[in-house]
Structure formats: C-alpha cells, structure tokens
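Worksheet: one structure, shown below.
So that the names make sense, note that chain A is the first sequence line, chain B the second, and so on, each numbered from 1. Predicted model, so just to flag it, every value in this text is computed and none were measured.
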2 protein chains.
Amino acid sequence: MAKNGAEKRSRRVTIREVAEDAEVSVAAVSKVLRDAYGVSDALRSKVRASMDKLGYRPLAAARGMRGQTYTIGIVQPDLRNPFFADIMTGVDNALERTQYRTLIGISQSSTDGEVAAVDAMIDRQMDGILLIGAITNRGNLDAFARGKPLVTIGHHEPAATLFDTVNTNDQQGAMLAVRHLAANGYKRIAMLSLNSDTSTIIAEREIGYRRAMMEAELGRHIQVVHSAQTPREAQITARRMLEPASRPEAIFCWTDFIALEVISVATELGLRIPQDVGIVGYDNTMYCDFAQNGLSSIDQSGELLGLQATRLLIERIKGRDEAEHFVVTPRLVARRSSSRR
Amino acid sequence: MAKNGAEKRSRRVTIREVAEDAEVSVAAVSKVLRDAYGVSDALRSKVRASMDKLGYRPLAAARGMRGQTYTIGIVQPDLRNPFFADIMTGVDNALERTQYRTLIGISQSSTDGEVAAVDAMIDRQMDGILLIGAITNRGNLDAFARGKPLVTIGHHEPAATLFDTVNTNDQQGAMLAVRHLAANGYKRIAMLSLNSDTSTIIAEREIGYRRAMMEAELGRHIQVVHSAQTPREAQITARRMLEPASRPEAIFCWTDFIALEVISVATELGLRIPQDVGIVGYDNTMYCDFAQNGLSSIDQSGELLGLQATRLLIERIKGRDEAEHFVVTPRLVARRSSSRR
DNA sequence: CTGAAAGCGCTTACAG
DNA sequence: CTGAAAGCGCTTACAG
C-alpha cells in the first residue's frame with residue numbers, strides 16, 4: 001500500500017528539531033514563526049538561523065489544527081470563462097506581501113457541485129473562502145459563512161449579514177448595453193441569457209434588459225432566450241436565434257464567451273456584423289479586443305472586484321463581523337460589433 | 001483579533017462525538033470512515049447512521065496528519081491559456097467516483113513562482129501533485145518528488161526516475177505544422193516561440209520546427225522569434241514580425257492564444273489570412289473553431305493528457321515507484337488560416 | 001522574556 | 001471483530 005512510497009519519502013524537519021538545534025523551547029519557535037509578541041531579538045535570530053540551516057517549512061495542515069493555515073480558498077464555476085483570470089489578477093494583487101496563498105476549486109456549475117466545492121474548502125481548513133458566481137441559496141451561503149469567513153463575487157444578496165458581497169451593478173450594465181444598441185438604431189434587440197433560475201446576477205441583467213427596452217419604447221421586441229454555458233449548447237442556441245424568419249437585429253449576450261459563439265455562427269451563416277446583426281457581450285475580457293472579434297462589451301472591472309473581495313475577506317478573517325456590500329459601476333466599451341452608425 | 005469571529009463559528013462535529021452517539025470507540029469510527037478491514041456490518045451501519053444524523057464531515061487537515069488528505073494539488077502557470085481547461089476535463093474524468101478532490105495553484109510563470117507554488121502544495125499536505133508546464137530544473141523536480149508523489153504534464157524529462165511525465169511528442173507536433181504549411185506553398189515560415197530557456201516543450205517544438213524546415217529544404221528561411229506570453233508582449237512582437245519589409249509568409253505559433261493575437265494584428269494591418277500570411281497554432285483549443293478565427297492547430301489531446309497523468313498520479317500515491325513516461329502522438333487540424341490551396 | 005503541558009481531530013499499531 | 005493509547009506537527013493559555 002502507501003507504505004512503500006511513504007517510507008522512502010524524506011521526513012520533514014519539524015518545529016521540535018528547530019527548537020533542539022537552536023536550544024530553545026518549541027513554543028519559542030512557534031512564536032517566531034507567527035511573529036508573536038514577547039520574543040527577544042537574540043532568540044528570534046537564533047531561531048531564524050536554525051530554520052534556514054535545517055530548511056524548515058511549517059506544515060500548514062498542522063498549523064490549521066489550532067490556528068490558521070494562511071490559505072484562501074477560491075471557488076469558481078467555469079475554467080473556460082476568461083473573466084475569471086481578470087478577477088484573479090486583483091486577488092493576487094491584494095495578497096502580495098502577505099503570507100496568504102490561494103487555492104482554487106471548481107464547482108462544476110451546479111448547486112450540488114458548488115456546495116461540495118465549498119464544503120471541501122471548509123474540510124481542508126481554508127482560513128476564508130471567496131465564492132465566485134454563486135448559485136446556491138441564502139440558507140446554504142449562511143451555513144458556509146458560519147463555518148468560515150466568506151465573501152462572494154457575482155452574487156446579489158444585499159440583505160446578507162453573515163458574509164460580504166462584491167458586485168457590479170448588473171441591472172445598470174444590461175441597461176447600458178441596450179441603450180447603446182438602441183442609440184445605434186437597432187430595435188429588435190434580443191437577450192441571450194444563461195439558463196439558470198438561481199443566479200442573481202443573471203436575474204439582474206434580465207431585469208435591466210427589460211427595463212431599458214421599455215424605456216426605449218421597444219417593449220414589444222423583448223425576447224429573452226436561455227442557454228446552458230457549454231460551447232455546444234451556446235452554438236445550437238445561436239444557430240436557432242439567427243434563423244432568417246425570426247432573426248433579431250441585435251443580441252445582447254450575458255457573457256463575452258457566448259457572444260464569441262454568436263459571432264462565429266453569424267459569420268458562418270454569412271451574416272455581416274454589425275450591419276446584419278449587432279452584438280454586445282459582458283465582462284470586457286481580453287478576447288473582445290482582438291480585431292477579428294471587435295466585440296463591444298460591458299466592463300465590470302474584474303480586477304477591482306477581485307481586489308476588493310480579497311480585502312474584505314482578510315478583514316473578515318481578522319475578525320470583522322458586520323457585513324459589507326460593495327457595488328461597482330459598470331462601463332460600456334463600444335467596438336465594431338455594435339457600431340452601425 | 002480572530003477570536004470574535006472564530007468564537008461564533010459553529011463547532012464541527014468530531015469523530016469522538018460520532019463515536020459517543022453510536023456507542024462505539026473512536027477507532028471504530030475511523031475504520032468505517034476509511035473503509036478499512038475488520039468492521040462488522042452491524043457496527044458499520046450504526047456508525048453510518050450516527051454520521052448522517054450528526055452531519056459529520058471528516059476534517060481533511062487532521063486526517064492528513066497521520067494518513068491521507070484525499071486532495072490532489074494541480075500547479076499551473078497561466079490561467080489565461082484555455083488549454084488548461086481541456087486538461088482539467090481529463091483530470092476530472094479520472095477522478096470521478098473516487099474520494100479525491102483537486103485544488104489548483106498558480107505558479108505565475110516563473111521558476112521561483114513554480115517552486116513556491118509546489119512547496120505550498122506540499123506544506124498543505126496534498127496526497128500528490130500534478131505539475132503542468134514545469135520550467136524548473138531536474139534537481140528541484142526530484143526534490144519535489146521526494147516530498148510527494150509527482151507527475152508532470154508538458155515537461156520532457158525521459159530519464160527521470162522519481163516522477164512520471166506525460167507529454168505529446170512536441171517535436172513531431174512542430175514538424176506537422178511546418179510540413180502542412182510547406183505543403184500549402186508557404187516558404188518563408190517563421191516560428192513565434194515562447195521566451196523561455198527552461199521550458200523543455202518549447203525547446204522540443206523549436207527543434208521540430210528547424211528539422212522540418214531543413215527537410216523541406218527551407219533551411220535558409222528559418223527564423224525563430226521569442227516573446228513573453230502576456231497579451232501585450234505578444235501583440236508587440238506580432239506587430240514587429242508583420243512589418244512589410246521582413247514579413248514571413250507564414251507563422252507557426254507555440255500556442256493558440258498567441259496565434260489569435262497574430263490574427264488580430266494581421267487583421268488590423270489589413271493583411272488577408274491565409275493569402276498574405278498563413279498561421280498555425282498549437283493546442284487546438286476551442287477558440288480555433290470559431291469562424292472568425294478559423295485557426296489551424298496542432299491537437300495534443302489535453303483531455304487525454306489530464307486523464308493519463310491523473311491515473312499515473314493515483315498509482316504513485318498507492319505506492320508505485322518505477323517511473324512511467326507517457327507520450328501522445330499529436331495531430332494536425334487544418335482550418336482556414338493555413339489553407340492557401 | 002521563556003518554556004512545559006495540554007490539545008486540535010484524526011490514524012495507526014497493538015492488545016484483547 | 002473491537003477498543004485504549006500514542007502520536008502526527010503545530011498553537012495556546014498559563015506559569016514562572
């Protein structure tokens with residue numbers, strides 16, 4: 001069994017060996033490790049020297065049994081969405097010059113998957129959890145938050161008290177998209193949304209879409225189509241939407257990723273963008289800027305969201321227990337895909 | 001300090017409470033948990049009932065102190081490269097119906113970052129480590145492998161004995177790309193490679209490129225240009241390569257991601273693809289298939305790589321200690337970007 | 001300022 | 001088949 005391999009594996013240097021080498025107590029070494037108060041400079045440097053000499057590294061799991069593991073767990077639904085990389089840039093910036101490391105878990109875009117992923121993080125003694133694109137209900141989120149400090153990104157729960165939320169104003173983001181398309185002369189503007197009755201950001205974007213359509217007196221053209229987020233499903237849905245009989249003049253997509261699929265299908269069908277169909281995405285990921293895409297999109301500052309969420313999480317870990325709810329104002333970035341004028 | 005928040009946090013149900021509830025010993029509960037031998041059905045079901053009743057969840061960190069954590073650490077250099085998602089699909093498939101979970105760490109594309117990321121995994125008691133796109137030297141890899149079972153994806157080290165490697169034949173992949181371009185009438189074929197003197201897969205691809213160019217009697221046109229993998233750097237390099245004076249007829253890019261940048265810059269400059277410039281990428285990620293890209297690419301079966309690497313890692317965890325080196329044959333997928341004939 | 005001792009939640013021989 | 005006890009590598013009161 002595991003014995004063979006394990007036996008041969010090099011034993012770790014422990015805090016006890018460092019203590020022996022430095023001729024101090026184990027407790028003293030622990031204090032140096034944690035930068036705790038009440039350690040003389042002489043003792044500290046003696047211990048540091050022994051640590052270096054022996055190549056000591058603290059075992060996070062053991063530290064976690066009593067104190068912290070200095071690890072933040074990030075739970076994310078879909079590795080294929082490049083927006084996640086933007087968020088992570090902000091997270092990394094916030095964590096620079098701290099002892100914390102991040103570990104990423106994938107929630108597989110289902111409620112069960114999300115619960116399992118967060119539970120796994122709690123079981124593995126993360127000091128705090130950053131949950132991205134949550135789709136589970138308030139009850140579960142509260143339960144998570146009772147287990148560990150919790151901050152969500154991309155989930156609206158303004159009345160939550162046990163955890164913090166970080167969002168852009170998604171309703172406003174959708175309104176920016178619709179107003180922009182309307183200003184460019186598009187009237188039959190459809191929305192290609194995510195097939196989810198649990199995502200609050202999707203709900204908000206749909207509300208914004210409807211509101212802006214009404215405001216622009218295009219209420220009779222309101223059409224919301226839902227699709228799963230797999231490339232395959234998105235493609236099928238796009239193909240259906242672009243059939244000549246019912247083709248909208250413009251499509252507002254809930255994320256860039258899906259908008260790129262629509263551009264692809266439209267291109268295949270010989271449709272010209274933006275003349276035959278206008279397209280606006282969401283997230284303003286790096287793909288929008290490629291000349292072959294030229295995709296207009298709603299920028300929600302992923303980097304800022306990641307940065308702010310991480311700051312809030314650290315505060316929570318340090319003991320804050322009043323909730324904070326942070327909301328960023330989105331911004332439209334117009335490119336070729338929607339500029340008919 | 002952390003006290004306030006921590007004090008309020010709900011205490012976990014421990015193995016001891018389960019034992020009390022089921023009126024058995026702690027050791028008995030542990031055995032049920034691990035599906036160990038020597039437990040009667042009666043005892044097992046009694047314990048299971050108590051676990052469910054109390055909502056018991058084992059604490060991985062505590063298990064790890066003596067046994068396994070049932071966690072596999074995956075270290076990866078760049079979240080923006082979509083090829084990683086393909087690998088993860090294979091990993092997840094291999095782990096289905098096992099107790100293992102994955103946790104992903106980012107190595108920031110530097111040697112120091114890679115060492116730090118792997119060390120962090122070891123400190124956090126992962127049962128095994130999957131290292132993707134390694135750039136560190138043999139000595140460090142051996143040191144990692146002495147700490148934990150280790151398998152690499154995308155790193156050639158055929159003589160390694162302490163860890164397994166999983167790769168496509170990168171030399172062959174590059175040769176496929178060049179032969180395909182040559183067959184399509186391109187002669188001045190340049191390679192846009194990664195700025196790295198430590199990546200063995202890059203080295204192999206460059207060797208393959210040179211070999212195929214010689215074979216096609218295009219040796220005088222050999223040109224290898226290096227760029228960092230940030231979108232910005234890639235863009236600057238592409239712009240330089242596409243200047244009229246020195247423009248190659250075709251560019252073979254070390255990864256799709258970079259090829260998309262080249263398509264973007266070429267499109268901006270008004271160059272037609274594939275007439276004015278032919279392009280082939282590597283990895284055959286989902287973006288290749290978008291009609292606006294139509295990017296020919298070398299498929300290296302990311303899903304298979306992930307699946308096989310995970311299987312090997314589990315074997316290592318279970319005790320295997322002879323090295324295995326798995327190599328997949330790459331395959332060219334031709335699309336519009338290179339089809340001049 | 002320093003250290004001995006208890007304990008975190010598990011697993012592992014070992015004895016019965 | 002079952003259980004009492006030691007121990008994994010740390011941190012945390014507490015005493016000096």
Next item on the list: Classify the nucleic acid contact of B/Val29 as base, sugar-phosphate or nothing, counting any heavy atom under 4.0 Å across all strands shown.
Entry: nothing
Check: Watson-Crick or G-U wobble partner for C/dA13, using a 3.5 Å limit on both distances?
Finding: none
Next item on the list: Could you pick out which residue, A/Arg57 or B/Glu23, lies toward the 5' side of DNA chain D when each is mapped onto its nearest nucleotide?
Entry: B/Glu23
Margin query: Between P on D/dT2 and CZ on B/Arg44, what's the gap in Å once rounded to a whole number?
Written below: 10 Å
Check: Over how many whole Å does the gap from A/Leu33 atom CG to D/dT11 atom C1' extend?
Finding: 10 Å
Note to self: Of the options D/dC8, D/dG3, C/dG3, whose atoms approach the side-chain atoms of A/Ala28 most closely?
What the structure shows: C/dG3
Margin query: Regarding B/Ser30, tell me which of base, sugar-phosphate or nothing describes its non-hydrogen contacts under 4.0 Å with the strands shown.
Written below: base
Notebook entry, point to check: From D/dA4, D/dG9, D/dT2, pick the nucleotide closest to the side chain of A/Thr14?
Noted result: D/dG9
Check: Whole Å only: how far is the CZ atom of A/Arg16 from the C1' atom of D/dG7?
Finding: 10 Å
Note to self: Please tell me whether A/Arg124 and B/Thr69 have a donor and an acceptor in their side chains that are separated by less than 3.5 angstrom.
What the structure shows: no
Check: If we ignore angles and hydrogens, is there a donor and acceptor under 3.5 Å between the side chains of B/Glu157 and B/Thr200?
Finding: no
Note to self: Would you say CZ of B/Arg16 has more than 12 non-hydrogen atoms from neighbouring residues, nucleotides or ligands within 6.0 angstrom?
What the structure shows: no
Notebook entry, point to check: Which one is paired to D/dA4, where only Watson-Crick or G-U wobble pairs with both distances under 3.5 angstrom count?
Noted result: none
